[in-house]
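Below is one structure, written out as structure tokens; comments come after it.
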Amino acid sequence: MSLLIHATITVSGDKSLLDACDARIRLLLAEQPPDGECSDHHGEDALCYDFKVKGGIPFPAFAQASQEFPVLVIAAEWVNVDAGTRGAATIVDGKLTEHKTDALDMQGRSARPVHIAVAGNGKLELALTFIRVERDEWLGYVLTAERDALLRVMRAADGSVELWTTEGSAEWGMCWRGGSADGGFDFELVDAPQAIAENVYGEMEQLAQNFVAEWIWFAAGRREEIAIEAERFARYGYVVADANVRSARLHKMRQQMTQPQSGLEPGGLEFSTVGADEAWVVALVARCWAAYRPCA
């Protein structure tokens, strides 16, 4: 199964030609429809097309339009997370005047948000961190007391969303699709899982390892390394599961919660640095992946 390439193509130049160029591009795209979605948000000074396509960007249509409107400049930028690349190209008079492709670097971006939810008995209900790699695409790591996964969230222009997760290997093997972040979702156990590009997988694994180092201890760890955590959990009367929040973190969470939070059971704890504009990502992962129960 081929996943999506995200591309933005902008046409700029003589404003008197933009409407005619837009009409021609639409006709060319209708003759050879791209395998995916296309939306536009044109301005007075430029045409702008957003694509989420499988297989490839529809460059032929834009190259043909460029030949017919040689004074206009067509600039494309794209991201292919599966291949681990991003690129840019410029077309003038039907000719490629500039082109570059680089490895996708997920580091150096804004600080990653964190969301942690713990039940009243200390059991980890949801731990999640992610980074935004594109305007409508997020990559991250999630775990509960029993299982974990890498994740990928994509949002289309019409508000529909997709959640892809791993299931024990370096490939996207499960998918939930829905009409909107708060609507119903269809689940698919992918017949032919999509391998994650090696460099992207390596960076996501590093994201997961850093997150675990800060927040999580595992019951399967070496006895001398988890002895203090196990003793503190026993003192608190907490249940020890496969994955647990570090006791020092739980202590700080209790200190920060000066009053009960709505939706939490008695004794439950919650900590989040996720902004209001991305809170729906947490709700989506909780509703779909965390609620999913694999067959034994």
Side-chain angles (χ1 to χ4, degrees), residues 1-13 15 17-66 68-69 72-92 96-102 104-106 109-110 130-139 152-164 172 175-183 194 197 200 277-278 280-281 284:
M1 179 177 292
S2 176
L3 296 185
L4 300 180
I5 298 173
H6 293 192
T8 299
I9 300 180
T10 304
V11 182
S12 60
K15 292 192 289 186
L17 299 176
L18 292 180
D19 287 344
C21 183
D22 180 44
R24 182 57 175 151
I25 289 172
R26 291 178 184 275
L27 180 60
L28 291 168
L29 291 176
E31 292 174 352
Q32 294 184 322
D35 185 8
E37 302 175 6
C38 174
S39 61
D40 62 67
H41 44 95
H42 302 333
E44 294 184 1
D45 299 322
L47 308 173
C48 187
Y49 306 86
D50 283 335
F51 290 93
K52 292 183 179 180
V53 291
K54 299 177 181 177
I57 305 168
F59 278 126
F62 286 90
Q64 177 63 39
S66 178
E68 298 175 19
F69 298 87
L72 298 180
V73 176
I74 298 179
E77 295 183 351
W78 65 90
V79 171
N80 186 340
V81 172
D82 301 299
T85 59
R86 66 168 63 245
T90 303
I91 303 172
V92 178
L96 193 65
T97 62
E98 183 180 348
H99 178 265
K100 65 178 181 179
T101 302
D102 302 307
L104 180 61
D105 181 7
M106 298 190 297
R109 298 176 183 269
S110 58
F130 55 83
I131 55 176
R132 193 171 191 167
V133 294
E134 279 298 307
R135 185 180 65 182
D136 291 310
E137 185 165 358
W138 295 258
L139 296 174
R152 182 185 191 186
V153 175
M154 296 183 291
R155 179 176 59 188
D158 63 0
S160 61
V161 296
E162 293 185 359
L163 168 63
W164 295 78
W172 303 118
C175 178
W176 289 262
R177 295 184 176 90
S180 64
D182 57 358
Q194 175 72 32
V200 175
D277 61 329
E278 294 181 320
W280 65 271
V281 175
L284 172 67

Apply side-chain contact (heavy atoms from CB on, under 4.5 Å) to the pair Leu18 and Phe69, showing each step before the final yes or no.
CA-CA 9 Å; Leu18 292 180; Phe69 298 87; over 6 Å; no
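- Separating the CG atom in Leu29 from the OH atom in Tyr49 is a distance of 7.5 Å, to the nearest 0.5 Å.
- With a 4.5 Å cut-off on side-chain heavy atoms, Lys15 and Asp45 count as touching.
- The environment of Glu31 atom CD is dense: over 12 non-hydrogen atoms of other residues, nucleotides or ligands sit within 6.0 angstrom.
- Between Trp138 and Trp164, the ring center distance fails the sub-6.0 Å criterion.
- Nearest heavy atoms, Asp22 versus His42: OD1-NE2, 3.2 Å.
- Nearest approach of Ile57 to Ala7, heavy atoms of both residues: CD1-CB, 3.9 Å.
- Within the 4.5 Å cutoff, no side-chain heavy atoms of Ile74 are placed close to those of Phe59.
- The shortest heavy-atom contact between Ala157 and Glu37 is N-OE1, 4.3 Å.
- With salt bridges taken as basic N to acidic carboxylate O contacts below 4.0 Å, one links Glu278 and Arg132.
- In this structure, Asp40 places its CG atom where more than 12 heavy-atom neighbours from other residues, nucleotides or ligands lie under 6.0 Å away.
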Test side-chain contact (heavy atoms from CB on, under 4.5 Å) on Val73 and Val92 and set out the steps.
CA-CA 5 Å; Val73 176; Val92 178; 4.1 Å; yes
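- Going from atom CZ of Arg152 over to atom CE of Met154 covers 4.5 Å, rounded to the nearest 0.5 Å.
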For the pair Phe51 and Ile5, evaluate side-chain contact (heavy atoms from CB on, under 4.5 Å) and give the outcome as yes or no after the intermediate values.
CA-CA 8 Å; Phe51 290 93; Ile5 298 173; over 6 Å; no
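- Considering only heavy atoms from C-beta on, Cys48 comes within 4.5 Å of Thr8 through its side chain.
- Distance check: Gln64 CD to Arg24 CZ gives 6.0 Å after rounding to the nearest 0.5 Å.
- Between the side chain of His99 and the backbone N or O of Ala89, no donor-acceptor pair lies under 3.5 Å.
- Expressed to the nearest 0.5 Å, how far CG of Leu17 lies from CG of Leu47 amounts to 10.5 Å.
- Taking both residues in full, the closest heavy atoms of Ala65 and Leu28 are given as N-CD1, 3.9 Å, listed atom of the first, atom of the second, then distance.
- Going from atom CD1 of Ile25 over to atom CD1 of Ile9 covers 8.0 Å, rounded to the nearest 0.5 Å.
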Does the pair Arg177 and Val161 meet the rule for a side-chain contact (heavy atoms from CB on, under 4.5 Å), with working shown?
CA-CA 6 Å; Arg177 295 184 176 90; Val161 296; over 6 Å; no
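- A side-chain donor-acceptor contact under 3.5 Å links Thr97 to the backbone of Thr90.
- Residues Val200 and Leu139 are in side-chain contact: their nearest non-hydrogen atoms beyond the backbone lie under 4.5 Å apart.
- How far SG of Cys21 is from CG of Leu72: 5.0 Å, rounded to the nearest 0.5 Å.
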